[in-house]
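Model, not experiment: these values are computed from the prediction. Each chain gets a letter, A, B and so on, in the order the sequences are listed, and its residues count up from 1.
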There are 2 protein chains.
Amino acid sequence: MGSGRITIEDVAAAAGVSRQTVTRAMNGLPEISRRTRELVLRTAAELGYRPSRFASNLAARRKTRAVGLVLGSLRNPYYTELAAELLDVVAPRGWHVLMASHEQGDAVELVAALSGQADAIVGYFPGDEAALVAAARGVPLVQMERPATVPGMHAVVLDFDTAIEALLDELRARGARRFGLVELAAPAAGDGAGRYRPTFRRQAYERHAGPDSAAAVVVADESIRGGADGLARLRAAHPDVDTVLVFNDLMAMGAMQQAQLDGVAVPGDLRVVGVDGLSLGAVMTPPLSTLSIDRRALAEEAAGIVGTLLDGGEPPPHPSIVRTVTPRPLWRESA
Amino acid sequence: MGSGRITIEDVAAAAGVSRQTVTRAMNGLPEISRRTRELVLRTAAELGYRPSRFASNLAARRKTRAVGLVLGSLRNPYYTELAAELLDVVAPRGWHVLMASHEQGDAVELVAALSGQADAIVGYFPGDEAALVAAARGVPLVQMERPATVPGMHAVVLDFDTAIEALLDELRARGARRFGLVELAAPAAGDGAGRYRPTFRRQAYERHAGPDSAAAVVVADESIRGGADGLARLRAAHPDVDTVLVFNDLMAMGAMQQAQLDGVAVPGDLRVVGVDGLSLGAVMTPPLSTLSIDRRALAEEAAGIVGTLLDGGEPPPHPSIVRTVTPRPLWRESA
DNA sequence: TTGAAAGCGCTAACAT
DNA sequence: ATGTTAGCGCTTTCAA
């Protein structure tokens, strides 16, 4: 007895029909009688037959598309809301989405693993771009929030320079005099662990916050706790800060929590502004003002790039495609 | 000129080597000289060659596994935290995860689509089980929070009866006299739209809340707004309710918001308890007490079932496997 | 170190 | 309504 898997051939033999008839029954094709269809389906079920998805996709005319999505963490609503948007955007095109997060490994490892199952990979890839492209083995990569610098890498970037300049201007108009920033710390583990590099958000902040405020920066972990902790350290070092920009909304929630704990009135004593535009921010007390990133636009741009690459008719190699999305302030009550 | 895709054959021809040599170069196998490897890699890049994932997976000895995950919505942190746990659980086994949500279509449609790309599908499947199993075409289904009643369907269920009885007892000990429930409304669209069926949570509530409280139930949408709205209606109809159980934490957040808006002190005037155990609940004011569902356990049980089915050595058909997880109260400050 | 032959398991034309 | 013949594009023996 062959010990391998049960194939279409086994079913055909058991049912006393041809392979083709089994295909017709399994896939609900029309050219088959009710009787034989049911016979085939029954014997397939009895044998526990399961079509090989690789074989059927290889033989089939229409290949189904799949895109890999690499996120920082599924525990940060920013990423999951982005994932939600991407699903919404690609579902109508019939694309599948394979999910992965940095919590499971190096970006390079994730890309290598996904490259065997996806036709394109989009998301956040910290690390060396050349290494990423090599790991992708020809599968196109679309990177978020960082420009593409090598062939095979494409990008959707965020224009924080424009956005943060406008944000700070408006905050000044609302009375802000002394800014502070709770910036993202270097990742503790994985790719590039411990190697801190100023984020684009910080760079934009330092360019526009004014000389007094540019130095009022602390780094903190990407979590609610991290934000709380960061605010405490910021206020200890810079008691005169009256307006704080926090790296993202999750951390800003922690900062607001800390402010409340310390008896600091928001926005009376301290204006707090996050970045992301999470809908959850509206449930805070007071509701969180934020520099909102249009996740739908990000998802659409990324999907657009993938579409161009995969279905654009142009044969590879393709020059890097880069699109830009500009965040916009969402004024609620914390600033 | 053939207008089809670029195959390994094209690369082999262009590089003047055999197909096999191209495979060796692309996959980083040892038995090849540096020179030819680089030659092959270069010409592959120039031609824009991308290996067919279907062909390579079909031919390869080691088949990679993929599990489909069907969730209600990626905009509800409960589901995304569950997804995070599932990723953590399956990543060490090298399984891929294909994501889908009810926002993109009927459970039956989603299952049909995923069945072509996944080796098993787990998650939430409202709708007729027989139809789901038929749509899965032999791919095993593992359903959450609903027992399996047909072959091909397996399940991880939640013991709300035990959990809610214990919860209500403890609430009584804390002074609760009159309970109310904000229950989930029927979905507005998709599968089974408009057809309301009492949830297991409601059934358990009605069994244990006592005759006076069993009737104090309103239904509301699965969203923050829905929860706010639900609490308003509950209090209008049953002003004497002093303790409210809300279908999930997301809705409970809305309820807490509404209470604050109406000047109702929590937990002084009204105890509020959610269900899920979201970490975000800790950031509310006051922090949300909740009947916590152990998402890690859910994910582990589901993955365990899939493992048994796929790698258990037993040939299909398999009898339905059902495992149980019991939610436990997580006392914070809202009750 | 490289090449030739033989599948992997299925679907798509074309018969019949 | 059913069977037959060719592939799909790659990896794996095995031989050179």
Pick the nucleotide of DNA chain C nearest each of B:Lys63 and B:Gln20; which residue has the one closer to the 5' end?
-> B:Gln20

Mapping B:Leu58 and B:Leu29 onto DNA chain D by nearest heavy atom, which one lands closer to the 5' end?
-> B:Leu58

So, is B:Asn57 close to the D:dC10 phosphate, meaning a side-chain N or O under 4.0 Å from OP1 or OP2?
-> no

Any side-chain N or O of A:Ser18 less than 4.0 Å from the OP1 or OP2 oxygen of D:dT4?
-> no

Decide salt bridge (charged side-chain N to carboxylate O under 4.0 Å, His left out) for B:Arg19 and B:Glu9; before the verdict, give the C-alpha distance in whole Å, the side-chain angles of both, and the deciding distance to 0.1 Å.
-> CA-CA 6 Å; B:Arg19 288 192 317 210; B:Glu9 201 92 46; 3.5 Å; yes

Atom-pair distance (CD1 on B:Ile6; C1' on D:dC8), nearest Å = 16 Å

Within this structure, what is the CZ-to-C1' distance between A:Phe54 and C:dT11, rounded to whole angstrom?
-> 17 Å

Report the nucleotide, chosen from D:dT2, C:dC10, C:dA6, that has the shortest atom-to-atom distance to any side-chain atom of B:Arg19.
-> C:dA6

Side-chain atoms of B:Glu31 come closest, of D:dT2, C:dT2, D:dG9, to C:dT2

note: B:Met26, atom CE; D:dG9, atom C1'; distance rounded to Å ~ 13 Å

Presence of B:Ser56 side-chain N/O under 4.0 Å of D:dG9 phosphate oxygens OP1/OP2 | no

Between the side-chain atoms of A:Arg50 and the base atoms of C:dG9, is any donor-acceptor pair under 3.5 Å?
-> no

A:Thr36 side chain near D:dT2 phosphate (N/O to OP1/OP2, under 4.0 Å) = yes

Go through the steps for B:Arg295 and B:Glu85 under the test salt bridge (charged side-chain N to carboxylate O under 4.0 Å, His left out), then give the verdict.
-> CA-CA 7 Å; B:Arg295 273 109 40 214; B:Glu85 299 295 346; 5.7 Å; no

To the nearest angstrom, how far is B:Leu39 atom CG from C:dT2 atom C1'?
-> 13 Å

For A:Ser52 and C:dC8, is the shortest distance between a side-chain N/O and OP1 or OP2 below 4.0 Å?
-> no

Atom CZ of B:Arg24 to atom P of C:dT1: distance rounded to whole Å?
-> 10 Å

Donor-acceptor contact below 3.5 Å, side chain B:Asp119 vs main chain B:Ala66 = yes

Flag, side chain of B:His154 to backbone of B:Leu141, donor-acceptor distance under 3.5 Å | yes

Could a donor-acceptor pair under 3.5 angstrom be found where the side chain of B:Arg53 meets the base of D:dG9?
-> no

When rounded to the nearest Å, what value does the distance between C1' atoms of C:dT11 and C:dA15 take?
-> 16 Å

Specify the residue among B:Ala60 and B:Ile32 whose closest nucleotide of DNA chain C lies further upstream toward the 5′ end.
-> B:Ile32

For the pair A:Asp311 and A:Arg93, evaluate salt bridge (charged side-chain N to carboxylate O under 4.0 Å, His left out) and give the outcome as yes or no after the intermediate values.
-> CA-CA 11 Å; A:Asp311 305 312; A:Arg93 313 185 187 196; over 6 Å; no

Is any side-chain nitrogen or oxygen of B:Thr21 closer than 4.0 Å to OP1 or OP2 of C:dT1?
-> no

In sequence, state the C-alpha distance, the side-chain angles, and the governing distance for A:Arg296 and A:Asp88, and then conclude on salt bridge (charged side-chain N to carboxylate O under 4.0 Å, His left out).
-> CA-CA 9 Å; A:Arg296 164 62 64 141; A:Asp88 288 350; 3.5 Å; yes

Would you indicate, yes or no, if C:dT11 has its OP1 or OP2 atom less than 4.0 angstrom from a side-chain nitrogen or oxygen of A:Thr23?
-> yes

To the nearest angstrom, how far is B:Arg137 atom CZ from C:dC10 atom C1'?
-> 13 Å

Select one nucleotide: of D:dT11, D:dT2, C:dG3, the one nearest the side-chain heavy atoms of B:Asn27.
-> D:dT11

